[in-house]
Structure formats: C-alpha cells, structure tokens
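Every chain is numbered from 1 and lettered A, B, ... according to where its sequence line falls, protein lines coming before strand lines. Keep in mind that what you see is a predicted model, and the values were worked out from it rather than measured.
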There are 2 protein chains.
Amino acid sequence: MAGHTSSSIPEGVIERLPVYLNALMQVRDEGSGTVSSAKLSELTEVNSAQIRRDLSYFGSFGRRGVGYEVIMLIDKMQNILGSDHTHRLALVGAGHLGSAIASYNGLRARGFIVSAIFDSDPAKIGNRIGDIVVQDVSTLARAAEAQKIRIGIIAVPTTAAQEVADLMSAAGIRVILNYSPMIVRVADGVVVHNTDPVRELMHTLYYLSRAEGVA
Amino acid sequence: MAGHTSSSIPEGVIERLPVYLNALMQVRDEGSGTVSSAKLSELTEVNSAQIRRDLSYFGSFGRRGVGYEVIMLIDKMQNILGSDHTHRLALVGAGHLGSAIASYNGLRARGFIVSAIFDSDPAKIGNRIGDIVVQDVSTLARAAEAQKIRIGIIAVPTTAAQEVADLMSAAGIRVILNYSPMIVRVADGVVVHNTDPVRELMHTLYYLSRAEGVA
DNA sequence: TAGATTGTTAATCGATTAACAATC
DNA sequence: TAGATTGTTAATCGATTAACAATC
C-alpha cells in the first residue's frame, strides 16, 4: 500500500517503530527507568522476540538481564525516525477532513506542524483555519519551497487526488500522505502512503458480518 | 495491529478487498463492463496473480479469456464485506477529530452513517454536530442497544481510550475503530482496529530522513 | 483456430517466532 | 552464584508470485 525506495530494512519493521515509541513514552510517563521486551510486548501486542529483532536492525540498545533504558531508547527511536525535531506539513484540502487535520492537537504533540493549507475552491481561499490562511493551490510550489516543506497531506476528493500529488511532487515534496481513496502515482524519489480512513472501516466490516452470521 | 477472531482467510486478503472494490467502482464509472486482473493490478498496485488468488478465496467470479464482469464483481465484493447495506456508527469523542469524522461525506458515500455521538465533557454535551446532538457517554449502552449499533469509533484522547473501549464492549458493540495512539484491549468477540493517523505520518518520516540523508 | 485471461499449483520469498548461548 | 533478559540463529510459518493448464 506504500510505494517506497528500497532499503535493507523490512517495511514491517519501520511500521512498528512508531508503535514502540508510543509504548516507550507511556512507560516513561509511568516513571519506569528501564523496560524489558516482554513488557513492551504487553503494551504493543507485538511478540517480544520480534521487538528485539526489530531493534537489532539499528543496534544493540539493551543490557542482558536488565532490559532497555527507557529515555535512551526513546532518543534512539526518535533519531532513527527523524522525529527528534519538528516537521512542517503542507495540507491540501480545506474541507472537513482537512480542517480536522489542521486543528488536531495530536499532530503538534508528536512533532508535526501544519504550516500551510491550500484549496482550489475560491469560497475557501482566504478563510482561516486556526491561525493559517487557506491559499490557492496554485501557490503550493512557491510556498513549499519558501518554507522548505517536505511533507504533504492530501485531503481532497478522489477526483482531485492525482492532480494534487503531481503538484506536490513538482513542489519538491518528498513524502505524501494520501487520505483519499484514490491510489496516486508519483515519480521515483517521492514516497506515498495511501491511508483512506473509510477503507479501514470497510475492512473491519468483514469481521462484523462473520460475527452477525454466527449470532 | 488488529486483533480479530480466527478464520481461514488471511488478514491481508481482507485488507485488500476494499481496495479492489474501490478500483472496481472507478472502472464502472469509466463505463467498462468488464475488467481483467491486469487492469485491476494497474489501478491498485497489487500483483495481478495476487488479485486472482485473493478473489478465488470467495469463488470463481471471472471468465477465462474475458475477465470479470464489473457490476457483478462489485456486488460480490459488497456482499462479502457486508457493505451491501448501510451501517450505523457510534462515535465517542466530539473534539476536532470526532467532528471531522461525523461530518465527513466519504462515510455516507460508502454506506456508513454516524447515528450517535458521545462525549464526557459537559461543555460539549448538548452541542449539535451536523444534525446529531452530542450525548453523555454514560448513555452509550442504552443508545447503542436502542439503535442496534454494532460499530464504534474511538476519537478521544489517549488516556480515555481504554475506558471508552470497555464501555463499547459492554454496550454490545462488536467492531471498534480506534483512532487514538493507545492500543486498547477488549474481550473476545470484539474486533479492534487500531489506526492512529499520526502513526502513519511518523512511519513515513523514516523514509524522509533517508531521502534527506542522501541529498 | 489463435489470442486472451482465469484459477490454481508449485516455487519463492520474506517475515515471525521459538530457542538458547551470551552476559548482565 | 542464580535469575533475568538480551541479541541472534535456525526453524517455522505464511504470504507473494511465476508459471501454466484450463477454457472462454
């Protein structure tokens, strides 16, 4: 579901990294200085052997007989992911979904700042969302370059998704998170992650029909 | 990342079903009566052999030398997924994320209706989102039973997620879509799908650091 | 018939996990 | 020392894909 440039580390490992980071922050907030892979396994529902193996792709961070030093491992994880500093986002689509993304506190809390919002609808251009003014999407390239934005979020209707992806690639954006159901194609060197929220819901539906069927 | 009841069909297959359905609808809207697995592969970025194999778990829907009849296959997919009728959702959390979910048109377009919204914040209870009044979360069980709601969406802060999951299970909700970063635990028979939107963003970050590193 | 495309087998590939020596 | 837990190997498991006979 994600096209990306090759690397020796499996995609699945990378996907679990943020899950580990999250669990580690929980553990830190509970005040533990040290944590075992068994404890992390409980919190993440990932097999403990897998956690150790995943971590070992990046180094030996633990101490046998003791576990992992929480603060240190958080640091390492943030370093590997690149979430040790904030990242500016360009958001295209100022509808319901876009507005929600722009005002979602969870983003800032984990190092993301929506620093520019775009739309093509004249009725929306000029509006404020939080403290950001919605700009015409035709100014995307200029703004992205000026603000050195590397990450773009697509929150537009299906029919406009590919077009926006093209604009983003041209604007020098290197990572695209696509919330529309349309699978977009981009040039090499741009990473797209397609993540349609309704798709997840439809997927869970399958299990619902089975449950009902039995009942 | 999703705990679910066992079945002989791999999780990956189920995850791809909505992707196929989406592509099929695209094809239908373009007016084609028939589609090959090769064409579907282009649209979904899923290997064509895999598409054929995935479909074969549910039956033989195609004609050799010809392909799949689009309308018929859409029907079959909807049938398998249970998206051949609308589903009512209970949404807990009337903050930014919750409001966005409630007013997102993409839901209704694919057969989901948010039919009740809950929060625990007295400042939010009584507010309207669209044409739905936010209710006290303590009335969840009553409302869910009265409206026969089987699907719940968690859109509350991390600290409240587990509590809400417990309430939902107790209310007879069978499928939970959890948008918080907290991995929640539920009783057998309840399916949870954890899908933190910021996690996806952090995950793509990894590829960004690599790209920057090279540049 | 010749060309196309499915459904399915068998081969490949990769990811998960159990197990355990190393070591704190 | 005894107990705990890592890092890593080897075994297992499952998913992906190439290939092709069946057949439209």
- Message: Parallel, tilted or perpendicular: which one describes the rings of B:His193 and A:His203, with boundaries at 30° and 60°?
- Response: perpendicular

- Query: Within this structure, what is the CD1-to-C1' distance between B:Ile14 and D:dA15, rounded to whole angstrom?
  - Reply: 14 Å

- Query: Tell me: CG of B:Asp54 to C1' of C:dT8, nearest whole Å?
  - Reply: 13 Å

- Query: Nearest to the side chain of A:Ser36, which nucleotide is it out of D:dT8, C:dA15, D:dT6?
  - Reply: D:dT6

- Message: Output the rounded distance in Å from OH (A:Tyr57) to P (D:dT6).
- Response: 18 Å

- Counting Watson-Crick and G-U wobble pairs only, both distances under 3.5 Å, name the nucleotide matched with C:dA10, or none. D:dT17

- Query: Whole Å only: how far is the CG atom of A:Asn47 from the C1' atom of D:dT8?
  - Reply: 14 Å

- Item | Whole angstrom value for the distance that separates P of C:dT6 from CG of B:Leu73 | 11 Å

- Below 4.0 angstrom from OP1 or OP2 of D:dT6, is there any side-chain N or O of A:Ser37? yes

- Query: Any side-chain heavy atom of B:Val92 within less than 4.5 Å of one from B:Ile153?
  - Reply: no

- Message: Measure CD/B:Gln50 against C1'/C:dG14 and give the value in whole Å, please.
- Response: 13 Å

- Query: So what's C:dC24 paired with, Watson-Crick or G-U wobble, going by both distances under 3.5 Å?
  - Reply: D:dG3

- Query: D:dG7 phosphate, OP1 or OP2: any side-chain N/O from A:Tyr68 under 4.0 angstrom?
  - Reply: yes

- Residue whose nearest DNA chain C nucleotide is more 5′ - A:Arg63 or A:Gly12: A:Gly12

- Query: Within less than 4.0 Å of OP1 or OP2 of C:dT16, is there a side-chain N or O belonging to A:Arg52?
  - Reply: no

- Message: Any donor-acceptor pair, under 3.5 Å, between the side chain of B:Arg53 and the base of C:dT8, if you only look at N and O atoms?
- Response: no

- Describe, in one word, how the ring planes of B:Phe58 and A:Tyr206 are oriented to each other, choosing from parallel (under 30°), tilted (30 to 60°) and perpendicular (over 60°). perpendicular

- Query: If you measure only the distance, is there a donor-acceptor pair under 3.5 Å linking the side chains of A:Thr34 and A:Glu69?
  - Reply: no

- Query: Can you tell me if A:Glu11 and B:Tyr207 form a side-chain donor-acceptor pair at under 3.5 Å?
  - Reply: yes

- Message: Tell me the interatomic distance from A:Phe61, atom CZ, to C:dT23, atom C1', rounded to whole angstroms.
- Response: 19 Å

- Message: At 4.0 Å (heavy atoms only), tell me whether A:Gly67 reaches a base, stays on the sugar-phosphate, or touches nothing.
- Response: sugar-phosphate

- Query: With distance as the sole criterion, do the side chain of B:Arg64 and the base of C:dT6 form a donor-acceptor contact below 3.5 Å?
  - Reply: yes

- Task: Whole angstrom is fine here: how far is it from CD1 in B:Ile51 over to P in D:dA15?
- Result: 17 Å

